[in-house]
Amino acid sequence: MPDARLSRNPLSLAGAWLTTLSAFSFLTYLGLSAFGLIGSPYAGIFGFVFLPACFLFGLALIPLGMWREGRRRRAGKAPWEWPAVNLGLAGTRRVAAVILLLTLVNLGIVAIAGTGAAHYMESNQFCGQVCHTPMQPEFASHQVSPHARVECVACHVAPGAAGFVTAKLNGTRQLFLVATGGYSRPIPSPRDRMPRAAETCAECHTPGRPDREVLRTYRTYADDEESTETVSTMTMLVAAIHWHARPDVQIEYVATDEAGENIPYIRVVDPAGRATEYFAEGTTSRPAGTLRTMDCLDCHNRPAHGMTLDASQAVDQAIARGEISRSLPFAKRDVVAAISETYPDAQAAEAGIRQKLSEAFGANPDTAAAIEAAQRLYRTNVFPAMNVTWGTYTTQLGHSQLPGCFRCHDDGHTASDGRIVRQDCELCHREQ
């Protein structure tokens, strides 16, 4: 049996102190987290990675120090003793004061640097600009989205240790792909790598609300000289649309394709707790595949990185906002043509759009505004280096770009009692 005093050595004592301090720090961290005093997703680096690592390292130092001390003893050396420190000497006191002061300064520097690093890693600039080329489409579209003031980590990192670890593992994989140039061009939408909406979206939004009707006006423009306007008005029944996300309703489904568009099986649990299964034509039992619970992201699949389906739609929206004047002859036609052109890079696009529209509109006072708007439309939707162009990224919201609602509401999903998932426009909206 080893001499118990073998643990009396600098290495083992340092390990014991490190293990003890790490344990107390970890318990303190858990307490602060439980009371909601630590809200940063990246605080998990300290609480669930750094502190446990220090704890384990300290434990490893204890037997390592005992082993080294045993070797010293077997070599005939005297047992280790604490060094004699005589604080009665003025020189010793000065050295101790300097060491203490420098230690406090170093701790302050490390704390400030660590806090700054954590805040920087939470920033949109870190997420979008460190990996500039691959993340440029997402970063640019986020800046002009309704979620522009929401930090990337608020949606992409789930709360808790599991969410943090998952995000870091995914980030490590992405870092390797960026370093080797092996990332996809374009970057695919992370359908299966996003946290559940209940962990992210629901922090700001209440599922199933608002319980009201919203009047929407859609304006489109013709390719004629006057860019003739057509106005369509529609009432959106928001409560009916958001019924799918109410907390007292549960919709589960199985998709047989990676994009989640082919849905042969649906299971609905209504507010009364009654479950109903719907099967697509040719399906009689639940197919193989992951049973997913429907949430916000099944329709709002690009809530912070929306891009316009095509150049025509983008120009319609810009004219409706007053960014491109209809007083310009053939404004709609010529702007669409300019931003639909293939350019080798962003700089060539800026110059090409300016040249084409300057030639088309001449010295009209509205020409400069139209050029600026057209360049912005291109800049936030087309990224040649990533093979991103009009229609590369689409949304399931509604049914204007992808099947959206019609994945289920197709009059083809039938229950055993004969009920169907209806394809009825007035379930969600009414034309005026």
Enquirer: Got a sec, which residues hit side-chain hydrogen bond (donor to acceptor under 3.5 Å, both in side chains) with Thr395, two or more places apart in sequence or on another chain?
Expert: Asn301
Enquirer: In chain order, what residues pass the side-chain hydrogen bond (donor to acceptor under 3.5 Å, both in side chains) check against Thr20, with sequence neighbours excluded?
Expert: none
Enquirer: Kindly state each residue pair satisfying salt bridge (charged side-chain N to carboxylate O under 4.0 Å, His left out) with at least one member in residues 340-365, sequence neighbours excluded.
Expert: Glu350-Arg379
Enquirer: Got a sec, which pairs hit salt bridge (charged side-chain N to carboxylate O under 4.0 Å, His left out) with one end in residues 131-158, sequence neighbours left out?
Expert: none
Enquirer: Taking only residues two or more places apart in sequence, or in another chain, which ones meet Asp334 in a salt bridge (Lys or Arg N to Asp or Glu O under 4.0 Å)?
Expert: none
Enquirer: Can you pull out every ring-ring contact (aromatic ring centres under 6.0 Å, His included) where at least one residue sits in residues 315-367? Sequence neighbours excluded, please.
Expert: Tyr343-Tyr378
Enquirer: Among all residues two or more places apart in sequence or in another chain, which pass the salt bridge (Lys or Arg N to Asp or Glu O under 4.0 Å) test with Asp223?
Expert: none
Enquirer: By side-chain hydrogen bond (donor to acceptor under 3.5 Å, both in side chains), which residues pair with Arg422, not counting sequence neighbours?
Expert: Asp424
Enquirer: Run the side-chain hydrogen bond (donor to acceptor under 3.5 Å, both in side chains) test against Asn387 and tell me which residues pass, sequence neighbours left out.
Expert: none
Enquirer: With ring-ring contact (aromatic ring centres under 6.0 Å, His included) as the rule and sequence neighbours excluded, what pairs involving residues 403-426 come up?
Expert: His244-His409, His399-Phe406
Enquirer: What pairs with Arg274 under salt bridge (Lys or Arg N to Asp or Glu O under 4.0 Å), at least two apart in sequence or on another chain?
Expert: Asp270
Enquirer: What pairs with Glu229 under salt bridge (Lys or Arg N to Asp or Glu O under 4.0 Å), at least two apart in sequence or on another chain?
Expert: Arg219
